[in-house]
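Computed from a predicted structure; not experimentally measured.
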Amino acid sequence: MNFEKLKNIKAKFDELTEQLAKPEIIADNKEWTRIVKEHSELRPVAEAYDRLNKISADLSGAEEMLADPEMAELAAAEIEELKTKRAEVETQLKILLLPVDPNDSKNVIMEIRGGAGGDEAALFAAELVRMYKMFAEKNRWKVEDIDANETELGGVKEAVFGITGANVYSFLKFESGVHRVQRVPETETQGRVHTSTVTVAVLPEAEDVKVEINEKDLKIDTYRSGGAGGQHVNKTDSAVRMTHLPTGIVVQCQDERSQIKNREKAMKVLKTKLYDLMQSEADKEYSAARKNQVGTGDRSERIRTYNFPQGRVTDHRINMTLYSIETFMNGDLAEMVEALRIADQTAKLEAEGE
């Protein structure tokens with residue numbers, strides 16, 4: 001435990017607390033916002049450090065009571081309880097002091113594509129889109145549709161949408177990868193179980209300051225949007241396809257009636273994909289460290305199986321199985337998501353101790 005670092009964080013937290021009460025800081029909206037943000041980030045560590053000091057003080061008092069024969073038994077019981085509490089707070093502090101993923105607080109762009117399995121894969125892709133949107137709704141996050149390539153049977157070959165809210169990426173980043181479904185398709189006449197796959201990509205939304213795009217590097221095409229929709233469909237060239245020539249990345253958006261709005265959304269997705277590409281290249285430099293985390297983030301990695309005949313969902317990275325596939329598909333992902341977050345923190349703690 002780095003107590004010197006904890007002491008410095010607590011001192012900084014107390015200093016910021018004093019600054020927030022100063023009239024000149026309150027009057028300066030920009031400075032006030034900056035200090036409030038930093039103060040909020042340090043609060044969990046500072047409060048946990050206070051709890052640790054309180055427990056340590058109580059523990060010292062209880063140990064002194066051992067010398068009193070009449071109080072020894074009571075003191076011994078209290079010491080055991082306090083040692084347990086101290087260990088819990090120390091573990092919490094170790095987690096809080098772990099390096100923070102700079103993307104955790106970001107919004108995300110999600111891409112869901114049907115893989116092996118034809119129409120059945122497209123149908124399951126549509127169900128995953130619904131599942132993640134319901135999970136977002138449960139967390140009071142905002143969902144914004146960007147693009148979808150639908151099939152005649154109601155599936156999606158590809159769907160792209162954004163999710164905005166508090167720390168969205170920290171909750172959804174472990175969803176990237178191949179999701180496998182095992183079930184009897186509605187079109188199957190002999191009752192045979194089929195296996196299909198869907199690929200999910202969760203991209204932290206890029207900030208403008210981090211990604212700059214030269215207009216000369218873009219090829220922009222407009223076309224008439226297709227699929228079920230309002231009267232604007234197939235009547236105006238409102239859909240936008242944007243190609244980044246240096247990388248070959250192509251994005252498109254046809255969700256909005258306005259070509260301008262579709263262009264804005266397409267640009268946001270393009271910047272996010274370029275940011276993801278930059279990160280992927282940087283990740284190669286510390287690929288060994290990534291092995292200590294839950295999964296590698298490789299989208300070719302099979303991460304989860306949805307077995308409908310047995311009513312189970314299994315995450316292969318942490319060997320966790322839930323026998324509640326119906327509620328899971330209705331957006332009840334919290335238990336699985338939290339288990340993945342804890343497993344990642346545990347792996348990082350073990351790596352820190354090596």
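- Note on ring orientation: taking the six-membered ring where Trp is involved, the planes of F308 and F124 are perpendicular (angle over 60°, cut-offs 30° and 60°).
- Looking at heavy atoms from C-beta onward, Y169 lies out of side-chain contact with N107 at the 4.5 angstrom threshold.
- To the nearest 0.5 angstrom, L340 atom CG is 11.5 Å from Q345 atom CD.
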Candidate pair I303 and V178, rule side chain to side chain contact (heavy atoms under 4.5 Å, CB included), full reasoning: CA-CA 6 Å; I303 64 168; V178 175; over 6 Å; no

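- Using modelled atom types and a 3.5 Å distance limit, the side chains of E15 and Q19 yield a donor-acceptor pair.
- Using a 4.0 Å cut-off between a side-chain N of Lys or Arg and a carboxylate O of Asp or Glu, K54 and D50 do not qualify as a salt bridge.
- Two residues are said to be in side-chain contact when any heavy atoms from C-beta on lie closer than 4.5 Å; I249 and T247 meet this criterion.
- At a threshold of 4.0 Å, the pair E158-R113 counts as salt-bridged, since one of the basic side-chain nitrogens sits closer than that to a carboxylate oxygen.
- The shortest heavy-atom contact between R51 and Q92 is NH2-OE1, 3.0 Å.
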With salt bridge (charged side-chain N to carboxylate O under 4.0 Å, His left out) as the criterion, how do R263 and E215 come out once you've worked through the C-alpha distance, each side chain's angles and the decisive distance to 0.1 Å? CA-CA 13 Å; R263 181 177 173 131; E215 288 286 337; 3.6 Å; yes

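- Proximity of L218 to I213: side-chain heavy atoms (C-beta onward) are separated by under 4.5 Å at one or more points.
- Using a 4.5 Å cut-off between side-chain heavy atoms of Ile, Leu, Val, Met, Phe, Trp and Tyr, with links allowed through other members, V269 and I220 fall into the same hydrophobic cluster.
- Without hydrogens or angle criteria, K10 side chain to K5 main chain gives no donor-acceptor distance under 3.5 Å.
- Interatomic distance, E88 CD to L93 CG, rounded to the nearest 0.5 Å: 12.5 Å.
- I112 places a side-chain heavy atom less than 4.5 Å from the side chain of V198.
- The existence of a salt bridge linking K133 and E137 is excluded, since no basic side-chain nitrogen approaches an acidic carboxylate oxygen closer than 4.0 Å.
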Begin with the C-alpha distance, continue with both residues' side-chain angles, and end with the deciding distance and a verdict on salt bridge (charged side-chain N to carboxylate O under 4.0 Å, His left out) for E31 and R34. CA-CA 5 Å; E31 184 66 4; R34 183 192 69 78; 2.7 Å; yes

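- Within the cation-pi definition used here (under 6.0 Å to the ring centroid, within 45° of the axis), K7 does not qualify as a partner of Y49.
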Check against salt bridge (charged side-chain N to carboxylate O under 4.0 Å, His left out), E18 and K22: CA-CA 7 Å; E18 292 178 7; K22 294 180 179 178; over 6 Å; no

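- With values rounded to the nearest 0.5 angstrom, L322 atom CG is found 9.0 Å from D315 atom CG.
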Could you give me the CA-CA distance, side-chain angles and deciding distance for L333 and M131, then say whether side chain to side chain contact (heavy atoms under 4.5 Å, CB included) is met? CA-CA 9 Å; L333 278 64; M131 179 184 81; 3.6 Å; yes

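- One finds a salt bridge joining E41 and K37 here, because a Lys/Arg side-chain nitrogen approaches an Asp/Glu carboxylate oxygen to under 4.0 Å.
- Smallest separation of non-hydrogen atoms from L123 and G154: CD2-C, 4.1 Å.
- Stacking of R241 on the aromatic ring of Y223 is recorded, both the 6.0 Å distance cut-off and the 45° axial limit being met.
- The closest side-chain heavy-atom distance from L97 to L6 is below 4.5 Å.
- In this structure, E205 does not pair ionically with K271, as no charged nitrogen and carboxylate oxygen lie closer than 4.0 Å.
- Note on ring orientation: taking the six-membered ring where Trp is involved, the planes of Y132 and H179 are perpendicular (angle over 60°, cut-offs 30° and 60°).
- Here the straight-line distance linking atom CD of Q310 with atom OG1 of T321 works out to 9.5 Å at 0.5 Å rounding.
- Between S170 atom OG and D344 atom CG the span is 11.0 Å, to the nearest 0.5 Å.
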Would L203 and K273 satisfy side chain to side chain contact (heavy atoms under 4.5 Å, CB included), going step by step from the backbone distance to the final call? CA-CA 7 Å; L203 312 178; K273 286 195 171 187; 4.0 Å; yes

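- The shortest non-hydrogen separation linking M134 to M329 is SD-O, 4.4 Å.
- Using a 4.5 Å heavy-atom cutoff, the side chains of T305 and V313 are not in contact.
- Of all heavy-atom pairs between C253 and N262, the closest is SG-OD1, 3.1 Å.
- Minimum heavy-atom separation, A126 to G155: CB-CA, 4.0 Å.
- Salt-bridge annotation for K157 and E150: absent, with no side-chain N of the basic residue lying under 4.0 Å from a carboxylate O of the acidic one.
- Looking at every heavy atom in both residues, I109 comes nearest to G162 through CD1-CA, 4.2 Å.
- Each of N103, T164, V202 was checked for a side-chain contact (heavy atoms from CB on, under 4.5 Å) with V108, and the lone residue meeting it is V202.
- A donor-acceptor contact closer than 3.5 angstrom is absent between the side chains of S56 and R86.
- Seen from the ring of F174, R341 does not count as a face-on cation partner, given the 6.0 Å and 45° thresholds.
- A salt bridge links K268 with E144: the closest approach of a Lys/Arg side-chain nitrogen to an acidic carboxylate oxygen falls below 4.0 angstrom.
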Could you walk me through whether E120 and R183 pass salt bridge (charged side-chain N to carboxylate O under 4.0 Å, His left out), step by step? CA-CA 9 Å; E120 171 64 6; R183 65 182 176 185; 2.5 Å; yes

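- Once rounded to the nearest 0.5 Å, the distance linking CD of E47 with CG of L52 reads 14.0 Å.
- In summary, K173 and D104 engage in a salt bridge, as defined by a charged side-chain N under 4.0 Å from a carboxylate O.
- Between M242 and K219 there is no side-chain heavy-atom pair separated by less than 4.5 Å.
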Start with the C-alpha distance between E4 and N2, add both sets of side-chain angles, then the distance that settles side chain to side chain contact (heavy atoms under 4.5 Å, CB included), and finish with yes or no. CA-CA 6 Å; E4 190 62 32; N2 191 337; 3.8 Å; yes

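- Salt bridge status for K261 with E264: absent, with no side-chain N to carboxylate O gap under 4.0 Å.
- Under a hydrophobic clustering in which Ile, Leu, Val, Met, Phe, Trp and Tyr are joined whenever their side-chain heavy atoms come within less than 4.5 Å, directly or via other members, V156 and V143 fall into the same cluster.
- Using a 4.5 Å heavy-atom cutoff, the side chains of Y306 and Q182 are not in contact.
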